[in-house]
Colleague: 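The structure is given below, and queries will be raised subsequently.
Whatever order the structure lists them in is the order used to number ligands and atoms, beginning at 1. In what follows, residues are counted from 1 in the order of the sequence shown.
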Amino acid sequence: EKGGYDHYMRKEIHEQPTALRQILECHSSGEGLPDLDSAFLDGIREVQFVACGTSYHAALYGEYVATERGIPASTHLASEYATHARPVSEGTLVVAVTQSGETADTLGAIETAQRADARTLAVTNVVGSSAARVCDGALYIRAGPEIGVAATKTFSSQVVALSLFADQLAGEDSPSGPVDFGSLPGGVERVLETSRSRDIAERYRGRDAFFFIGRGVGYPVALEGALKFKEISYEHAEGFAAGELKHGPLALVTPASVVFAIFTGQDDEKLLGNVREAQTRGATVVAVTDGTNEEVLRQADDILSIPEAPPTVAGLLANVQLQLVSYHAAALLGRPIDKPRNLAKSVTVE
Ligand code: F6R
């Protein structure tokens with residue numbers, strides 16, 4: 001049932017091109033979002049995303065895309081939203097991003113939003129899940145079943161679904177055009193075929209700490225890269241907005257650290273500055289990059305290549321590289337990759 005792969009996680013990483021084609025094709029075949037009534041988004045002037053874990057990172061990525069399209073959007077940890085709800089108005093849509101649709105924290109946030117009379121939308125992989133049933137509308141990410149506890153393909157499909165949702169909401173007078181995801185499935189295939197992630201995992205095995213830094217959409221990817229890494233390898237991993245390094249985390253950086261820097265074409269020059277800050281403290285820097293900026297190639301100690309693509313696509317390609325690095329790091333350490341200790345696929349307690 002694992003289709004010849006050792007683990008579901010690896011299988012699901014490799015299913016991403018198919019999953020992405022599924023959602024992109026179903027959206028290109030019709031007018032607007034196939035799951036939503038065209039009137040559903042009428043009058044929406046502000047979006048609040050609520051989610052946990054990997055879905056929170058996908059939501060944050062979605063917030064960056066939506067904001068670029070001129071939509072006021074914010075992202076909140078579902079577990080905090082119930083305690084510290086944001087003000088909502090008639091024009092507020094609360095979007096619950098949850099692949100399982102059963103996460104108790106997220107269902108709690110939906111309840112909080114509904115008590116305040118906000119309109120609610122579930123973005124989920126599971127038709128008929130609790131989130132899909134209780135929200136006013138549901139948008140399905142069509143990634144296919146995901147068995148590994150570590151979410152992989154659902155992250156990519158969530159980001160695409162949220163971007164398509166942002167396109168629909170942005171309408172005509174958006175300051176920027178829709179993201180063209182046409183090159184994404186093929187780009188992911190290229191990464192899967194050519195990745196040096198196993199070598200990288202092997203080379204830096206045994207280091208003290210693994211840091212992930214990025215700017216723009218590279219920031220949610222940094223958070224997600226670190227979450228995946230700690231979750232399945234049990235090694236110390238942290239993700240930071242690159243500009244924050246110098247505001248505290250730099251104290252952790254030593255010659256025993258590895259820093260993964262995610263270059264997407266957004267603010268690459270500033271990110272290079274942050275790379276130098278880490279290298280000055282002796283850290284090894286692995287750049288995830290399309291290689292078009294020669295300065296990045298010169299400065300980095302090691303490279304993980306991604307195909308050339310616009311930043312919003314590049315962030316997803318970089319994320320696939322980091323999924324593979326985590327997978328190989330965990331496999332080399334003999335971890336139970338599909339069922340990491342202390343974790344469950346669907347977290348039904350608050
Ligand atoms: C990590 C992971 C979790 C989930 C989180 C929310 O790999 O899978 O962080 O993303 O528990 O789950 P859903 O999306 O089902 O609400």
Colleague: Looking only at side-chain N and O atoms, does E12 offer a donor or acceptor that is under 3.5 Å from a partner on Y5?
Modeller: no

Colleague: Does any donor atom in the side chain of Q48 or Y81 lie under 3.5 Å from an acceptor atom in the other side chain?
Modeller: yes

Colleague: Please identify which atoms of ligand 1 are closer than 4.0 Å to at least one heavy atom of T98.
Modeller: 13 (P), 14 (O), 15 (O), 16 (O)

Colleague: Of all the atoms in ligand 1, which lie at a distance below 4.0 Å from a heavy atom belonging to K228?
Modeller: 1 (C), 7 (O)

Colleague: Would a single hydrophobic cluster contain both V285 and L245, if residues Ile, Leu, Val, Met, Phe, Trp and Tyr are joined by side-chain heavy-atom contacts under 4.5 Å?
Modeller: yes

Colleague: Would you check the N or O atoms of A151, main chain and side chain alike, for any that come under 3.5 Å of an N or O of ligand 1?
Modeller: yes

Colleague: Could you tell me whether the side chain of L227 reaches within less than 4.5 Å of the side chain of T54, counting heavy atoms only?
Modeller: yes

Colleague: Give me the residue, atom name and distance of the protein heavy atom closest to atom 5 (C) of ligand 1.
Modeller: C52 O, 3.6 Å

Colleague: Just which atoms of ligand 1 are under 4.0 Å from any heavy atom in A150?
Modeller: 7 (O)

Colleague: At under 4.0 Å between heavy atoms, is it the side chain or the backbone of T154 that contacts ligand 1, or both, or neither?
Modeller: neither

Colleague: Checking a contact table here: which protein heavy atom is nearest atom 11 (O) of ligand 1, and how many Å away?
Modeller: V347 CG2, 4.1 Å

Colleague: When you check the side-chain N and O atoms of S156 and Q16, is any donor under 3.5 Å from an acceptor?
Modeller: yes

Colleague: Counting non-hydrogen protein atoms only, what is the nearest one to atom 4 (C) of ligand 1? Give residue, atom name and distance.
Modeller: T54 N, 4.1 Å

Colleague: Just checking K270: does its NZ atom have more than 12 heavy atoms from other residues, nucleotides or ligands closer to it than 6.0 angstrom?
Modeller: no

Colleague: Taking distance alone, with N or O pairs closer than 3.5 Å, would you say T106 contacts ligand 1?
Modeller: no

Colleague: Under 4.0 Å, heavy atoms only, figure out whether ligand 1 is touched by the backbone of K345, its side chain, both or neither.
Modeller: neither

Colleague: Is a side-chain donor-acceptor pair under 3.5 Å present for T75 with E63?
Modeller: yes

Colleague: Check this for me - ligand 1, Q158, N or O atoms closer than 3.5 angstrom, yes or no?
Modeller: no

Colleague: Looking only at side chains, do T284 and R207 share a donor and an acceptor under 3.5 Å apart?
Modeller: yes

Colleague: Report, in ascending order of atom number, the atoms of ligand 1 lying under 4.0 Å from any heavy atom of V149.
Modeller: 7 (O), 8 (O)

Colleague: Write out the residue and atom name of the closest protein heavy atom to atom 16 (O) of ligand 1, then the distance separating them to 0.1 Å.
Modeller: T103 OG1, 2.5 Å

Colleague: Would you say the side chains of D136 and Q114 form a donor-acceptor pair under 3.5 Å?
Modeller: no

Colleague: Tell me: protein heavy atom nearest atom 14 (O) of ligand 1, and distance?
Modeller: S55 OG, 2.5 Å

Colleague: Heavy-atom distances under 4.0 Å are what count here, so tell me which part of E102 touches ligand 1: side chain, backbone, both or neither.
Modeller: neither

Colleague: Mark the output for S346 as yes if a heavy-atom distance to ligand 1 is under 4.0 Å, and as no if none is.
Modeller: no

Colleague: Mind checking ring-ring contact (aromatic ring centres under 6.0 Å, His included) for Y327 and listing every partner two or more places apart, or none if nothing turns up?
Modeller: H7

Colleague: Would you say T103 and D105 are linked by a side-chain donor-acceptor pair, where the criterion is simply a distance under 3.5 Å?
Modeller: no

Colleague: For atom 15 (O) of ligand 1, what is the closest protein heavy atom, and at what distance to 0.1 Å?
Modeller: S100 OG, 2.6 Å

